[in-house]
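Since the structure comes first, as structure tokens, the remarks are kept for the end.
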Amino acid sequence: MKTATHSSWGIYFLMLFVPLFWGGAFPAAQHVITEISPITAAAIRFGAAGLILLLISLYRSEWNFKEIKQRWAGLLLMALTGIFAYNAFFFYALNYTSAINGSLIMATTPILMTLGAVLFLKEPWHMRLGIGLLLSLTGVLLVVTQGSLRTLLSLSYNMGDLLFILALVSWVTHGLIGKIVMRGITPLLTTTFTSLVGSVGLLIWSLFEGGWRSVPLMSVQAWLEMMYMIVFATVLAFFLWNKGVHEIGASIASMFMNLVPINASWIAVAFYGSTITWKQITGMLLVITSVFLVAGSKKKHEPVKHQKLTSEVQS
């Protein structure tokens, strides 16, 4: 019981690195796409990450064609929604709309993920989960609007906002499908396969963009930022994300996504000279509180269940 409880809290700690790595990817990606086209950047990022993950999977003997064949449809849908579609919609949306609009739209991810998990995956609903969602959404709104109601009401919606909504739907669908698919497959194999397949789609698209001619001309800074996105924001972050969905459920794992704009904010302040207000700091504290609140809403009998299953497998 004690071991299972410690293991359960361990995944919550590891999940904190996901929004940290993804938050750092925002300023890195912003600079990279000034030198090469967005889809080309995404193709390099996930293509290289997929190859690294493949080597790791082969080394750990986790590359299993039998498991892939049994769940090929679900894995394919995960690759199309979470890797190919999400990145395509996200990068192109930034050409038409503001980061504020995009952050507001993506901030609804936990709400949609939770509703989908409760309605379709029969995940339990807790009062603390609902309160956590409300606190989290309030905190994100404070961060992206700087506490100004006028900023929120004055937002105009355009094609970019619609693309961000499509990106949101793609990511939520990816998370919900992942919860079903990963009931019998390891997070590493899932992350490897989806990254490889998704990168193929991005690669094909990038050939029509003509952006590969600019790749040899990338600066040292851009290559360092690309390496960060490949290793930290993709290989590690996506593996930990899939592991989190597998172990604690899609609804609770999605709560950690609200830490992404928080991390993006402090990274921008620390490394890019941006300013921050007390209202934004208050919003960050609300989001952090909501994550800890939701983390504590797991049923006490679940660690016992995991321990029982572990004992059965070992025996």
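What you find for Ser170 and Ala85 is that their closest heavy atoms are OG-CB, 3.7 Å. Looking at every heavy atom in both residues, Val235 comes nearest to Val231 through CB-O, 3.3 Å. Here the shortest heavy-atom pairing between Asn87 and Ala42 reads CB-CB, 4.5 Å. Closest approach of Glu209 to Ser37, counting heavy atoms only: OE1-OG, 2.7 Å.
The ring pair (Phe, Tyr, Trp, His ring centres under 6.0 Å) test with Trp241 singles out one residue from Phe21, Phe17, Trp171, and that residue is Trp171. Applying the side-chain contact (heavy atoms from CB on, under 4.5 Å) test between Leu75 and each of Val181, Val197, Leu189, Leu80 identifies Val181 as the sole match.
Ion pairing of Arg71 with Glu67 is absent here, as no side-chain N (NZ or NE/NH1/NH2) approaches a carboxylate O to less than 4.0 Å.
When the shell of 6.0 Å around NZ of Lys243 is examined, it contains 12 or fewer heavy atoms from other residues, nucleotides or ligands. Taking a 6.0 Å sphere around CZ of Phe232, one finds it holds 12 or fewer heavy atoms contributed by other residues, nucleotides or ligands.
Using a distance-only test at 3.5 Å, with no hydrogens or angles considered, a donor-acceptor pair links the side chain of Thr234 to the main chain of Met229. Without hydrogens or angle criteria, Glu35 side chain to Ser219 main chain gives a donor-acceptor distance under 3.5 Å. For the pair Arg45 (side chain) and Ala233 (backbone), a donor-acceptor distance under 3.5 Å is present. His174 places no side-chain N or O within 3.5 Å of a backbone atom of Thr81 that could act as its donor or acceptor partner.
Distance CZ/Phe193 to CH2/Trp72: 9.5 Å, rounded to 0.5 Å. With rounding to the nearest 0.5 Å, the separation of CE in Met218 from CD1 in Ile36 is 4.5 Å. Met182 contributes atom CE, which lies 11.5 Å from atom CG of Leu188 (distance to the nearest 0.5 angstrom). The line from CD of Glu247 to CG of Leu240 is 10.0 Å long, rounded to the nearest 0.5 Å. Here the OG atom belonging to Ser195 is positioned 4.5 Å from the CD1 atom belonging to Ile83, to the nearest 0.5 angstrom. Taking CD1 of Ile33 as the reference point, atom OG of Ser214 lies at 13.0 Å (rounded to 0.5 Å).
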Determine whether Phe46 and Trp205 satisfy the following criterion, ring pair (Phe, Tyr, Trp, His ring centres under 6.0 Å), listing intermediate values before the conclusion. CA-CA 13 Å; Phe46 284 95; Trp205 189 344; over 10 Å; no
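Between Val18 and Phe256 there is no side-chain heavy-atom pair separated by less than 4.5 Å. Between Leu54 and Leu58 the shortest side-chain heavy-atom distance falls below 4.5 Å. Between Ile204 and Val200 there is a side-chain heavy-atom pair separated by less than 4.5 Å. For the pair Thr190 and Pro187, the minimum side-chain heavy-atom distance is 4.5 Å or more.
Residues Phe120 and Val169 do not share a hydrophobic cluster, defined by chaining ILVMFWY side chains whose heavy atoms lie under 4.5 Å apart. In this structure, Leu207 is a member of the same hydrophobic cluster as Leu196, with clusters built from ILVMFWY side-chain heavy atoms closer than 4.5 Å. The hydrophobic cluster containing Leu55 does not contain Leu236, counting ILVMFWY residues as joined when their side-chain heavy atoms lie under 4.5 angstrom apart, directly or transitively. Cluster membership for Leu217 and Trp212, using ILVMFWY side-chain heavy atoms within less than 4.5 angstrom, is not shared. If you chain together hydrophobic residues whose side chains sit under 4.5 Å apart, Val32 and Trp223 fall into the same group.
For Trp63 and Phe65, the ring centers are positioned less than 6.0 Å apart. Two rings, from Phe238 and Trp22, have their centers less than 6.0 Å apart. Here Phe164 and Phe89 keep their ring centres 6.0 angstrom or further from each other.
With sequence neighbours excluded, the residues that form a side-chain hydrogen bond (donor to acceptor under 3.5 Å, both in side chains) with Thr191 are Asn242.
For the residue pair Ser57 and Glu62, no side-chain donor N or O sits within less than 3.5 Å of a side-chain acceptor on the partner.
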